[in-house]
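To find a chain, count down the sequence lines: A is the first, B the second, and so on, and within it residues start at 1. Bear in mind that the values here come from a model prediction, so they are computed numbers and not experimental data.
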2 protein chains.
Amino acid sequence: MANDILKLDNQICFPLYAATREMTKRYRPLLDELNLTYPQYLVLLVLWETDRISVKALGERLFLDSGTLTPMLKRMEARGLLKRTRSKQDERVVEVALTEQGKQAETKATQIPLKFLQQTQLDEEDFIQLKRILAKMLDQIEES
Amino acid sequence: MANDILKLDNQICFPLYAATREMTKRYRPLLDELNLTYPQYLVLLVLWETDRISVKALGERLFLDSGTLTPMLKRMEARGLLKRTRSKQDERVVEVALTEQGKQAETKATQIPLKFLQQTQLDEEDFIQLKRILAKMLDQIEES
DNA sequence: ACCAATTAAATTGCGTGCAATTTAATTGTA
DNA sequence: TACAATTAAATTGCACGCAATTTAATTGGT
């Protein structure tokens, strides 16, 4: 090839893309026990921190829009994990809140990050660097 | 919350997941000019390096299986970018090769990584670190 | 108070990803 | 040489992601 700039191994986005999918693949067996997909697990992570949150705020937190969230939240509601309610103050807003079942899932979920980290042999230093760089990237994106 | 281990900001996989999607979002306007999706662009990157490759080998390179690749390659074939041919030596194998149009797209594509890097203000050091850590992660995954 | 502009979700449509299964070809072994 | 085991793609089915549009509610300016 004329110039190496188009070589797969010289791209930054490809390893990011590939690593993300391989990571979520490692989560899958852990999440299967809770009958959750990875994005659904992320929704629960947010709700365990902040129960009762609007779809919009949830979307801002996870960088997802209503086109993704609405059907996903409906599936989670059908499973009895959460409740979707129109806000009384502003009828445009839908608020999401955990059910008892959704709250109880947190206990089980505590095992997941631990088990996950056990099989990820990144040393402490790389782990910290990776988080720092990704956080920087996401900051820049939020600003722009 | 009882323990911080479930906090979204303490997860490593979430920023990876979010950053990947934000990065591909930045590619989109660039790829729109070539009428390509990001995964399709990845397929072309491989083919520009190695024209004529089996679906299996392509999948190993991109960490994708036939369930994803077959319909995607068919769409790309319909667009006239590549040709899918059953191997004569082994009829199970389908080989993918660029058409003239697919080859010519490389010239246009050269602009893409440059334009992309211009809007990604990661400093050199972070960029190198990120690539190194992601490569390490992917190596570990391939081994296991 | 009117009404255009804005905003939040929902909807539509399409392209991935991927597990699981199926189909067809090849290989290894008795 | 049969034929079970393996292998490569294709197929099926479901859950995202996201652009674009629509619907319904609210806000802001006159």
Protein-nucleotide distance ([X], atom [atom1]; [N], atom [atom2]), rounded to Å:
X      : N       : atom1 : atom2 : result
D32(A) : dA20(C) : CG    : C1'   : 13 Å
L42(A) : dG17(D) : CG    : P     : 9 Å
Y38(A) : dC16(D) : OH    : P     : 13 Å
L64(B) : dA19(C) : CG    : P     : 11 Å
R28(A) : dC16(D) : CZ    : P     : 11 Å
R26(A) : dC18(C) : CZ    : P     : 14 Å
L62(A) : dC16(D) : CG    : C1'   : 13 Å
Y17(B) : dG17(C) : OH    : P     : 12 Å

Checklist entry - For K25(B), does the NZ atom sit with more than 12 other heavy atoms under 6.0 Å from it, leaving out its own atoms? => result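 Correct, the count exceeds 12.
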Checklist entry - How is Q89(A) classified with respect to the nucleic acid when contacts are heavy atoms under 4.0 Å: base, sugar-phosphate, or nothing? => result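 The residue Q89(A) makes sugar-phosphate contact but no base contact.
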Checklist entry - Of all residues at least two apart in sequence or in a different chain, which pass the salt bridge (Lys or Arg N to Asp or Glu O under 4.0 Å) check with R52(A)? => result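 Checked R52(A) against salt bridge (Lys or Arg N to Asp or Glu O under 4.0 Å); matches are E95(A).
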Checklist entry - With sequence neighbours excluded, what pairs up with K136(A) under the salt bridge (Lys or Arg N to Asp or Glu O under 4.0 Å) test? => result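 Listed in chain order: D123(B), D126(B).
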Next on the checklist: Show every ring pair (Phe, Tyr, Trp, His ring centres under 6.0 Å) that has at least one partner inside residues 94-122 of chain B, sequence neighbours left out.
Outcome noted: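 Qualifying pairs: Y27(B)-F116(B).
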Item to check | Partners meeting side-chain contact (heavy atoms from CB on, under 4.5 Å) with L117(A) (sequence neighbours left out) | outcome: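 So L117(A) forms a side-chain contact (heavy atoms from CB on, under 4.5 Å) with F127(A).
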Next on the checklist: Reading DNA chain C from 5' onward, which residue's closest nucleotide shows up sooner: E22(A) or K88(B)?
Outcome noted: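 By nearest-heavy-atom nucleotide position, the 5'-most residue is E22(A).
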Item to check | Residues that Q89(B) engages under side-chain hydrogen bond (donor to acceptor under 3.5 Å, both in side chains), provided they are two or more places apart | outcome: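 side-chain hydrogen bond (donor to acceptor under 3.5 Å, both in side chains) list for Q89(B), sorted by chain: S87(B).
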Checklist outcome for this item: With sugar-phosphate taken as primed atoms, P, OP1 and OP2 and all else as base, the protein-contact string of nucleotides 7-15 of chain C at under 4.0 Å (heavy atoms; B, S, -) is BSBBB---S
